[in-house]
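Only this structure's heavy atoms are used, side chains among them; waters, hydrogens and symmetry mates stay out. Remember, it's 1-based here, ligands and their atoms both numbered in the order they're listed. Since the model is a prediction, treat every value here as computed from it, not as a measurement.
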Amino acid sequence: MSALEAARELFTGSFGARPDGVWSAPGRVNLIGEHTDYNEGFVLPFAIPHRTFAAAALNGTDEIRVRSTFADDRVVVPVADLGGIFPTPAGAAPAVPEWSAYVLGVAWALWMLQPDAPAPGVDIAIASDVPVGAGLSSSAAIEGAVASALNDLWELDLDPVALARVGRRAENEAVGAPTGIMDQMSSMLGRPDAATFIDCRSLETRSVPTGFASAGLDVLVIDTQVRHAHATGGYRERRASCERGAELLGIRSLRDASVADLPRAEELMDDVTLRRVRHIVTENQRVLDTVAALQSRGPRAIGDLLVASHASMRDDFEISVPELDTAVDTALANGAIGARMTGGGFGGAAIALVAHADVGSVTGAVTREFADAGFAAAHIFTVTPSEGPRRDA
Ligand code: ADP
Ligand code: MG
């Protein structure tokens, strides 16, 4: 059963009626630009075909009632109570089951935009084919699907960027996850065969055609299934190093440094801080170079940039793990044009840019290499840059 049908079926089974409609939004993968977002730098993600679906309808009551195939519980909250439940105090767990805070948090953030407008009760049932916790942003997908549904049912007429901001507010203030806006923007601005360039300082965005389809290329996602417990601690530590590096350079953020500043950085800071800074500065340049290469020479020209990005994360930023290095090395040894880990690191997924004809052999080689190394089996699938939110029914 497709996730769309699953959402519809869960709706009917839970609420005893047919939904008014079904809305969906995609997950995303980051093509290049890692840990640059919180340094006010550049990222280049794209929306993937995997989507989260929200079947929804006005229910004629004052309550929001939510279900998901992801959880057994059904969560019911009067709309008027959302303002008492959120924002979640810093460091505390949400007052509702965590998964439902994504859904109810979006309703709250939308309502906060127009607190005097009526926000009638709704029923929402969620189903998804975005892998959860793999770094493919199932969180932005659920936020985007719910925001799109409520935008229509509550007749708010907000544009995709406004809905992306609503998703981020829900994630930051209702769920309590301190994330940037990259995930929501890439989901909400997704276009077939294009990536979204985001300047994380100005929040200016630009759609950049990838040309993967016409060049006969696929992006292979290799989800290592590794979920490291120290990911949060490692993330915090990297952020602190970046802030220290900027301070030593006397700039507001590492966005304001360029490759030409690296010799000076070498004199000012210890080796670890220098390497963290070097990753960010060179990664920002690689994002710009990737956009330029896609525009002037096409997608086969970005392979070396992906490879350099991985080396920088492995050696300078030190956020890779053996499974990710094996995935990247094996893909490259078997014909991939480029490959790199993607996402925050310490586990999660790698991507490889591969010609259609080589997808089978790269997949087979990575599978064998993982088995030989004694790693858990990787989950491997192709993605193509896909469209953003839509109403499906
Ligand atoms: P990622 O975004 O990388 O997949 P996150 O930790 O940011 O990982 O978000 C995952 C969380 O989002 C899940 O633990 C769950 O709380 C929520 N979530 C994602 N998809 C769904 C879904 N289909 N139904 C309910 N909750 C979901
Ligand atoms: Mg997420």
Cut-off 3.5 Å, side chains only: do [X] and [Y] have a donor facing an acceptor?
X	Y	answer
T12	R8	no
S253	E40	yes
D218	T382	no
S14	R65	no
S320	D325	yes

### Query
Is any N or O atom of S138, backbone or side chain, closer than 3.5 Å to an N or O atom of ligand 1?
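Yes; at least one N/O pair falls below 3.5 Å.
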### Query
Do G133 and ligand 1 have an N or O pair less than 3.5 Å apart?
yes
### Query
Should one rank A141, A101, S68 by closest heavy-atom distance to atom 24 (N) of ligand 1, which comes out on top?
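Minimum heavy-atom distance to atom 24 (N) of ligand 1 goes to S68.
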### Query
Who gets closest to atom 21 (C) of ligand 1 by heavy atom: V130, V103, V175, I142?
I142
### Task
Examine S138 and say whether one of its N/O/S atoms is closer to the Mg ion (ligand 2) than 2.8 Å.
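Coordinating: no.
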What atoms of ligand 1 come within less than 4.0 Å of a heavy atom belonging to [X]?
X	answer
S139	2 (O), 7 (O), 9 (O)
S128	23 (N)
W99	16 (O), 25 (C), 26 (N)

Closest approach of any protein heavy atom to [atom], naming residue and atom:
atom	answer
atom 11 (C) of ligand 1	Y102 OH, 3.5 Å
atom 3 (O) of ligand 1	G135 N, 3.4 Å
atom 13 (C) of ligand 1	V132 CG1, 3.7 Å

### Task
Would you sort out whether F46 and F197 count as a ring-ring contact (aromatic ring centres under 6.0 Å, His included), showing the intermediate values?
CA-CA 9 Å; F46 64 81; F197 172 82; over 10 Å; no
### Message
Whether the side chain of T330 engages the backbone of A327 through a donor-acceptor N/O pair (distance < 3.5 Å, no angle test) should be reported.
### Response
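Pair absent, no side-chain N/O of T330 close to backbone of A327.
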### Query
Taking all atoms of both residues into account, what is the closest heavy-atom pair of G27 and A141, and its distance?
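That would be N-CB, 3.9 Å.
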